[in-house]
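Side chains are part of it too, since the values below use all heavy atoms of this structure and drop only hydrogens, waters and symmetry mates. Quick note on labels: first sequence line is chain A, next is B, and so on, each numbered from 1.
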Amino acid sequence: MKTHLTELLATAAKTIAPDVANLNIVLERPKSAEHGDFASNLAMVLAKPLKQNPRVLATQIIDALPTSDYIAKTEIAGAGFINFFLNTQSKQAVIKDILRAGKRYGCNQSGHDANGKTQKVQVEFVSANPTGPLHVGHGRGAAVGDCLARLLDANGWDVTREFYYNDAGAQIDNLTVSVLARCKGISTEHEHFPEDGYRGEYINDIAAAFLTKHTVVADDIEVTASGDINDLNSIRAFSVAYLRHEQDLDLKAFQIQFDVFSLESALYANGTVEKTVQALIKSGHTYEQDDALWLKTTDFGDDKDRVMRKTDGGYTYFVPDVAYHTEKWNRGFVRVINEQGADHHSTITRVRAGLQALDIGIPQGWPDYVLHQMVTVMRGGEEVKLSKRAGSYVTLRDLIEEVGCDATRYFLAARRADSQLVFDIDLARSQSNDNPVYYIQYAHARICSVLGQWNDDPAKLAHVDLTPLGNQHETALMQRLSEFPEVVANAAHELAPHIIANYLKELASDLHSYYNEYKFLIDDEQLKMARLSLICATQQVLKNGLDLLGVSAPKKM
RNA sequence: GCGCUCGUAGCUCAGUUGGAUAGAGUGUUGGUUUCCGAAGCCAAAGGUCGUGGGUUCGACUCCCGCCGAGCGCGCCA
């Protein structure tokens, strides 16, 4: 419908102003129903180049509009807006569209290339180091990242969900000595406990499991502890595997699945890191100074150059990151989206600089980043500090157990990623009935209940006469339903899952208002079927939207 | 000090490439069920969109200064 109206306006513009090129025709959905179903500011945009009064121009544009079966009337309003009012028949058409498309309603193919083939996109998210269980911040990344993946899938992309483990750095050494200390029975307060060691309770659990020679399985690896506290390699391998297993359980509880787990250690083992370093040296963007190797990231917009190889011979963390992204590119991802905490934002410039220095055809600004701000957790009116090292720790699994998976996912995905989020555990638990996610699910359950009582074949609803629909609530609901495809496209374009959450709240509100105002199971057979058809379509869109958030759509609550 | 993100109702937050009277939820107040689910609906009240300039037909939105919050600024990850 939107493209149809745009074409009409383009035709009119060509008649009125043949000399104005590159005209960007904007159609918006007015906030108020008085202003029609669509509005355009075309006359105001043309006013300047044509040096004419916008309202006069609006009249000329309307006169030049080709006739259309979908438009009931057009009006000029305000400073020169052209408002379009659709006839009821074209508004009703959305119901049949939805019932025909089913769970595909709202999807599009913007992820396809010029030849209509799907393109590969990777969403990397969570990517927590295996040094502790996942906490609320990881949960935000998990909720947002998974929704992004679902959105891109709905927009026609071939999506790979990927989790990257930093299992080869100083933090792993730290984990190893922390577990070792616990194996020796050194308490976290004792002066011989590693100064920056991990002090969480879970370190104790790992130590105990190590000493009793447990076996853990995580992803594709299986490790049996040697139980020998002089065997640092065994402690390291066992600790990492143990925590990877714990994180797997966290993700499972959050109902998130990954397609690929990548390991930093593998990039060293298979020579990718070394190959990348050699390629960077060859590129001419490196130099030796103070016994270290530097990358001239200032050539690519950084504010100072960065060390690649330290004086002790080891590489700094962004070197394997560059190697990893080179590998992503070589795997054919024309698009990569990294979802991570905003505290890592300084890596963006360095990784992109490294990729540009390699000069292997990677476009500037690749990969994309979505950064989420900190999550502050409140309990009992006080902030809970999320320090792995201090040991006071709100884990994602605790949160899911208290609040529920659906509500946790909704809460963490329903806000703009780049604004700070306050997660009040007491509020989420004590007032869980006021949680917006239940409001949306309730709308879905209500429809299920009505259709259940109707107790007939829903397939009949796809071909009923819709002409009886037209009251204020029905019109608003139909309009909202017709917006869904635009919302899905926009949310993907903006990489902003919260747009879906907000839309669903409004759709649920429309449904609840309608539900309270009118009855559906009535004697008037024609009207009844039309209304059931409308709420059946609403049920479908609620379900599709909740699916995009990874939230369930229960039939009963 | 420099960089990034942000500042909208008492609180938590939306606000679609600059558009018409800035919206929800929650909280407060008052209504609403012989009727498909009241986890609902309806209404009232609540605002100098941090602040001061600028750009233009028009600014919560774009630009600059200032104030305030978070994060980053390491040969840690």
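- Residues A/Thr286 and A/Trp294 have side chains not in contact (no heavy-atom distance under 4.5 Å, counting atoms from C-beta outward).
- Atom-to-atom, OH of A/Tyr369 to C1' of B/C71 comes out at 17 Å; the value is rounded to the nearest Å.
- Among the nucleotides B/C73, B/C13, B/G37, the one closest to any side-chain atom of A/Val422 is B/C13.
- Backbone-only contact: A/His498 has heavy atoms under 4.0 Å from sugar-phosphate atoms and none from a base.
- Remark: P of B/G18 and CD of A/Glu28 are 12 Å apart, rounded to the nearest angstrom.
- In this structure, OH of A/Tyr514 is placed 16 Å from C1' of B/C35, rounded to the nearest angstrom.
- Taking every side-chain heavy atom of A/Arg446 into account, B/A38 is the closest of B/A38, B/G70, B/C6.
- B/C76 atom C1' lies 18 Å from atom OH of A/Tyr315, rounded to whole Å.
- Side-chain proximity of A/His345 to B/C73, B/G72, B/A20: nearest is B/G72.
- Ring geometry, A/Phe411 versus A/Phe423: the interplanar angle falls from 30° to 60°, so the pair is classed tilted.
- Under the 3.5 Å distance criterion, with hydrogens and angles disregarded, no donor-acceptor pair is assigned to the side chains of A/Tyr518 and A/Glu474.
- Spacing of C1' atoms, B/U61 relative to B/G25, comes out at 23 Å, to the nearest Å.
- Within the 4.0 angstrom heavy-atom criterion, only backbone atoms of the sugar-phosphate kind lie near A/Ser419; the bases stay farther away.
- Nucleotides B/G31 and B/A38 have their C1' atoms positioned 14 Å apart, rounded to a whole Å.
- Pairing partner, B/C13: B/G23, with both Watson-Crick or wobble hydrogen-bond distances short of 3.5 Å.
- A/Phe423 comes within 4.0 angstrom of no nucleic acid atom, judged by non-hydrogen atoms across all strands.
- Following rounding to the nearest Å, A/Arg140 (CZ) and B/C71 (P) show an atom-to-atom distance of 14 Å.
- Comparing B/G58 with B/A14, their C1' atoms sit 22 Å apart, to the nearest whole Å.
- Taking the P atoms as reference points, B/C13 lies 25 Å from B/G52, given to the whole Å.
- Here the nucleotide nearest the side chain of A/Lys519, chosen from B/C36, B/G70, B/C13, is B/C36.
- Atoms CZ (A/Arg350) and P (B/C76) sit 11 Å apart, rounded to a whole Å.
- Dashed line: the shortest gap from a side-chain N or O of A/Lys310 to OP1 or OP2 of B/C76 is under 4.0 Å.
- Distances from the side chain of A/Met44 to the nucleotides B/C41, B/G19, B/G72 place B/G19 closest.
- Under the Watson-Crick and G-U wobble criteria, each requiring two contacts below 3.5 Å, nucleotide B/G37 is left unpaired.
- A/Lys556 comes within 4.0 angstrom of a nucleotide base, judged by non-hydrogen atoms across all strands.
- Base contact: A/Ala445 has a heavy atom under 4.0 Å from a base atom.
- For B/G68 and B/C62, the C1' atoms lie 22 Å apart once the distance is rounded to whole Å.
- Nucleic acid contact for A/Leu421: sugar-phosphate only, since backbone atoms but no base atoms lie under 4.0 Å from a heavy atom of the residue.
- Atom-to-atom, NE2 of A/His344 to P of B/G74 comes out at 15 Å; the value is rounded to the nearest Å.
- Base pairing of B/G52 is made with B/C64, judged by Watson-Crick or G-U wobble geometry with both donor-acceptor distances under 3.5 Å.
- The nearest whole Å value for the distance from the CZ atom in A/Arg306 to the P atom in B/A77 is 13 Å.
- Counting non-hydrogen atoms under 4.0 angstrom, A/Met308 reaches nothing in the nucleic acid.
- Of the side-chain N and O atoms in A/Ser346, none sit less than 4.0 angstrom from OP1 or OP2 of B/C73.
- Side-chain atoms of A/Gln453 lie closest to B/C36 of the nucleotides B/C36, B/A77, B/A20.
- Counting non-hydrogen atoms under 4.0 angstrom, A/Asp290 reaches a base of the nucleic acid.
- Remark: ring of A/Tyr515 not stacked against base of B/G40; the cut-offs of centroid gap under 5.5 Å and plane tilt under 30° are not jointly satisfied.
- Pairing partner, B/G47: none, since no Watson-Crick or wobble contact has both distances short of 3.5 Å.
- Among B/C71, B/A77, B/A20, the nucleotide with an atom closest to any side-chain atom of A/Asp343 is B/C71.
- The nucleotide whose nearest atom lies closest to any side-chain atom of A/His512 is, among B/U5, B/C75, B/C41, B/C41.
- Among the atoms of the strands shown, only primed sugar atoms or phosphate atoms (P, OP1, OP2) are found under 4.0 Å from some heavy atom of A/Arg416.
- Residue contacts shown for A/Ala77 include a base, since a base heavy atom lies under 4.0 Å away.
- No donor-acceptor contact under 3.5 Å links the side chain of A/Asp303 to the base of B/G3.
- Annotation: B/G23 and B/G65 have their C1' atoms spaced 31 Å apart (nearest Å).
- At a cut-off of 3.5 Å, with distance as the only test, no side-chain donor of A/Asp418 or A/Gln373 sits close to an acceptor on the other residue.
- Remark on RNA chain B: of its neighbouring residues A/His35 and A/Ala414, the 5'-side contact belongs to A/Ala414, judged by nearest-heavy-atom nucleotide.
- With 3.5 Å as the limit, one finds a donor-acceptor pair spanning the side chains of A/His285 and A/Asp299.
- Judged by ring centres under 5.5 Å apart and planes tilted less than 30 degrees, A/Trp454 fails to stack against the six-membered base ring of B/C36.
- Within the 4.0 angstrom heavy-atom criterion, only backbone atoms of the sugar-phosphate kind lie near A/Ser513; the bases stay farther away.
- Ring geometry for A/Phe163 against A/Phe261 counts as tilted: the plane angle lies between 30° and 60°, on a 0 to 90° scale.
- Here B/C41 is the nucleotide among B/C41, B/G37, B/C13 with the atom lying nearest to any side-chain atom of A/Tyr439.
- Rounded to whole Å, the separation between the P atoms of B/A43 and B/G7 comes to 29 Å.
- The two residues A/Pro497 and A/Val144 come nearest to each other via the heavy atoms CG-O, 3.9 Å.
- Nucleotide B/C2: paired with B/G72 (Watson-Crick or G-U wobble, both distances less than 3.5 Å).
- In this structure, A/Arg352 fails the cation-pi test against A/Phe300, since its NZ or CZ atom is not both closer than 6.0 Å to the six-membered ring centre and inside 45 degrees of the ring normal.
- Where A/Trp294 and A/Ile82 meet RNA chain B, the nucleotide closest to each residue was compared, and A/Ile82 sits on the side nearer the 5' end.
- A/Asn83 comes within 4.0 angstrom of a nucleotide base, judged by non-hydrogen atoms across all strands.
- A cation-pi arrangement is absent between A/Arg199 and A/Phe193, since the terminal nitrogen or guanidinium carbon is not both under 6.0 Å from the aromatic centre and inside a 45° cone about the axis.
- If you check B/G30 for Watson-Crick or wobble pairing at under 3.5 angstrom, you find it paired to B/C42.
- For A/Asp291, the CG atom is loosely surrounded, since the number of other residues' heavy atoms within 6.0 Å does not exceed 12.
- For the P atom pair drawn from B/C41 and B/U33, the interatomic distance equals 16 Å after rounding to whole Å.
- Across B/A77, B/G19, B/G40, the shortest atom-to-atom separation from the side chain of A/Tyr442 is found for B/G40.
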